[in-house]
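First up is the structure itself, then whatever we jot down about it.
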There are 2 protein chains.
Amino acid sequence: MFNSKSFLSLPKIYHNMAPKSKDASTEEKIKEAARIVFTQKGYSATRTRDIAEEAGINLALLNYYFRSKEKLFELVMAEKVAKLFGVIAPIVNNDKTSLEEKVALIVEAYIEMLSQNPGLPLFVLSEIRNNPEHFGNRMQAGKLLTDSYLVKQLKEKKPDIHPLHFIVNVLSMSIFPFIAKPVFESAGVMTSEQLDNFAEERKTLIVQWFKAMINS
Amino acid sequence: MFNSKSFLSLPKIYHNMAPKSKDASTEEKIKEAARIVFTQKGYSATRTRDIAEEAGINLALLNYYFRSKEKLFELVMAEKVAKLFGVIAPIVNNDKTSLEEKVALIVEAYIEMLSQNPGLPLFVLSEIRNNPEHFGNRMQAGKLLTDSYLVKQLKEKKPDIHPLHFIVNVLSMSIFPFIAKPVFESAGVMTSEQLDNFAEERKTLIVQWFKAMINS
DNA sequence: AATATTTTTAATCATTTGATTAAATCTTTT
DNA sequence: AAAAGATTTAATCAAATGATTAAAAATATT
């Protein structure tokens with residue numbers, strides 16, 4: 001145990017650091033390249049050489065800074081998961097906002113964020129599909145929703161319909177257009193710019209539709 | 001030109017064929033294994049050895065019957081795309097059915113089919129993302145929707161809102177739960193069985209909600 | 001300036017992976 | 001039954017790929 005291979009040298013931090021980024025630190029350049037390539041192609045289709053090229057660095061530097069493709073991926077993935085689910089988390093448990101206010105906030109926040117990160121949902125969802133065990137969030141992220149104030153409000157308004165139906169409706173109507181983006185473009189239904197506009201329109205429309213649904 | 005390598009022997013068909021399948025032909029066993037593994041892991045994460053193992057055959061047989069991983073994939077992918085988009089195609093251009101009838105038919109058909117093939121949308125969408133050029137459907141599948149009788153009906157009912165909004169609503173509410181399935185399971189929101197029930201409930205609910213939306 | 005430390009590079013390794021080959025086995029035709 | 005043709009197998013290949021190494025270059029410390 002404790003053979004020499006366990007102690008590969010890692011990048012050390014200088015106490016008197018140079019102005020960190022004249023043009024972004026190597027570490028950050030690699031991370032940013034990894035974000036781009038992983039999100040675009042997924043873990044398996046991504047070659048470490050793709051990331052190195054995108055970052056404009058020598059391949060060995062990737063392993064010098066991040067040890068392995070998998071470690072780098074986990075870093076990026078954690079960020080992306082946080083980004084995707086971080087949108088909804090702070091909204092659903094606010095007991096000061098009404099049901100409709102919450103819906104408006106969720107729709108606005110998701111569409112705004114996804115307009116900047118259209119590939120995010122398809123990336124996160126397909127990677128979780130590829131490796132569900134690894135995201136053993138069991139009973140954590142789930143309960144956050146299930147036991148939320150939002151669910152309580154939905155139950156009060158519509159006791160006969162499971163509250164998850166309405167949550168799924170709002171999320172699906174907000175997120176699905178971005179998931180379908182590759183098809184829209186490939187099939188000539190919409191260009192990327194048209195989707196931006198389409199999504200923008202939906203910010204107010206989905207809130208109206210939700211009201212119609214919940215009052216029907 | 002025409003060197004011997006161009007003429008790899010391909011499986012020939014006997015004129016007097018043996019009762020083709022005592023237990024499914026080798027070709028079909030491989031195709032079925034490919035359906036399972038490709039759909040579960042995507043093209044890049046799938047090893048031809050995975051497919052061979054799943055099919056219970058020697059690896060070389062895969063190339064004997066299908067020439068290459070890519071050829072086999074294209075076969076499976078074409079099937080899956082046809083399955084995913086074939087659901088909607090025969091419904092949207094029927095000028096005998098009302099708007100609400102069409103919606104009911106689309107919702108019923110999608111939820112029924114996806115209950116049997118829950119991994120289908122995430123698979124097709126992420127593979128199209130990975131390789132959009134290859135699905136250069138430009139102006140074919142797109143126009144089918146854009147110029148459909150369904151679009152005409154939606155325009156008449158709601159001239160001020162782009163008809164695609166309503167189509168996206170119906171499709172998203174029907175399909176999204178299956179796309180999110182890996183997350184639901186991983187986060188402990190729903191089991192696979194609960195999702196089946198949840199989706200079944202939505203068959204009638206989405207139609208009601210659509211009515212509420214279109215009349216709001 | 002001299003030394004030590006960190007960062008970067010080019011070359012190389014070991015493994016994985018899609019594919020091929022040649023021989024063996026099985027099936028059909030004659 | 002013999003010959004011809006099709007299917008299957010084990011062994012192997014070549015390329016791709018994640019990772020490592022040793023030396024060079026750059027930067028910090030003394």
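What you see is a predicted model; the values in this text were computed from it and never measured. To find a chain, count down the sequence lines: A is the first, B the second, and so on, and within it residues start at 1.
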*asked:* B:Phe38 vs B:Phe123, test: ring-ring contact (aromatic ring centres under 6.0 Å, His included). Steps then yes/no.
replied: CA-CA 8 Å; B:Phe38 276 138; B:Phe123 168 68; 7.3 Å; no
*Any cation-pi pair here, A:Lys69 with A:Tyr43, using under 6.0 Å and within 45°?*
yes
*Which atom names give the shortest non-hydrogen contact between B:Tyr110 and B:Leu84, and what distance separates them?*
OH-O, 2.6 Å
Calculate the interatomic distance between [X] atom [atom1] and [N] atom [atom2]; express it in whole Å.
| X | N | atom1 | atom2 | answer |
| --- | --- | --- | --- | --- |
| A:Tyr64 | D:dA23 | OH | C1' | 14 Å |
| B:Ile57 | C:dA19 | CD1 | P | 13 Å |
| B:Ile30 | C:dG18 | CD1 | C1' | 15 Å |
| A:Tyr65 | C:dT9 | OH | C1' | 13 Å |
| A:Asn63 | C:dC13 | CG | C1' | 13 Å |

*Nucleotide nearest B:Leu61 (side chain, heavy atoms from C-beta), chosen from D:dT21, D:dA19, D:dT8*: D:dT8
*A:Lys69, nearest nucleotide to its side chain (from C:dG18, D:dT20, D:dG18)*: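 Nucleotide nearest to A:Lys69's side chain: D:dG18.
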_What residues from residues 45-54 of chain B pass a heavy-atom cutoff of under 4.0 Å to DNA chain C?_
B:Thr46, B:Arg47, B:Thr48, B:Arg49
*Starting at the 5' end of DNA chain D, which residue's closest nucleotide do you reach first, A:Tyr43 or B:Asn58?*
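Upstream on the strand: B:Asn58.
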*Quick one: which residue pairs count as a salt bridge (Lys or Arg N to Asp or Glu O under 4.0 Å) with a foot in residues 79-93 of chain A, not counting sequence neighbours?*
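Only A:Arg35-A:Glu79 qualify under salt bridge (Lys or Arg N to Asp or Glu O under 4.0 Å).
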*Just grab all the salt bridge (Lys or Arg N to Asp or Glu O under 4.0 Å) pairs involving residues 101-127 of chain B, residues at least two apart or on different chains.*
B:Glu108-B:Lys203, B:Glu112-B:Lys203
*A:Leu59 near the nucleic acid: base, sugar-phosphate alone, or nothing, with a heavy-atom cut-off under 4.0 Å?*
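A:Leu59: base contact, heavy atoms under 4.0 Å.
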_How bent is the helix from C:dA1-D:dT30 to C:dT30-D:dA1, measuring the angle between the end axes built from five pairs each, rounded to 10°?_
10°
_Residue list, side chain to side chain donor-acceptor pair (under 3.5 Å) with B:Asp50, at least two apart or on another chain_ =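 Residues passing side chain to side chain donor-acceptor pair (under 3.5 Å) with B:Asp50: B:Lys41.
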Kindly list each side-chain donor-acceptor pair under 3.5 angstrom involving residues 167-182 of chain B, sequence neighbours excluded, with atom names and distances?
| unit_1 | atom_1 | unit_2 | atom_2 | d |
| --- | --- | --- | --- | --- |
| B:Asn169 | OD1 | A:Arg202 | NH1 | 3.2 |
| B:Asn169 | OD1 | A:Arg202 | NH2 | 2.5 |
| B:Asn169 | ND2 | B:His165 | O | 3.4 |
| B:Ser172 | OG | B:Val168 | O | 2.8 |
| B:Ser172 | OG | B:Asn169 | O | 3.0 |
| B:Ser174 | OG | B:Val170 | O | 2.8 |
| B:Lys181 | NZ | B:Ser192 | OG | 3.0 |

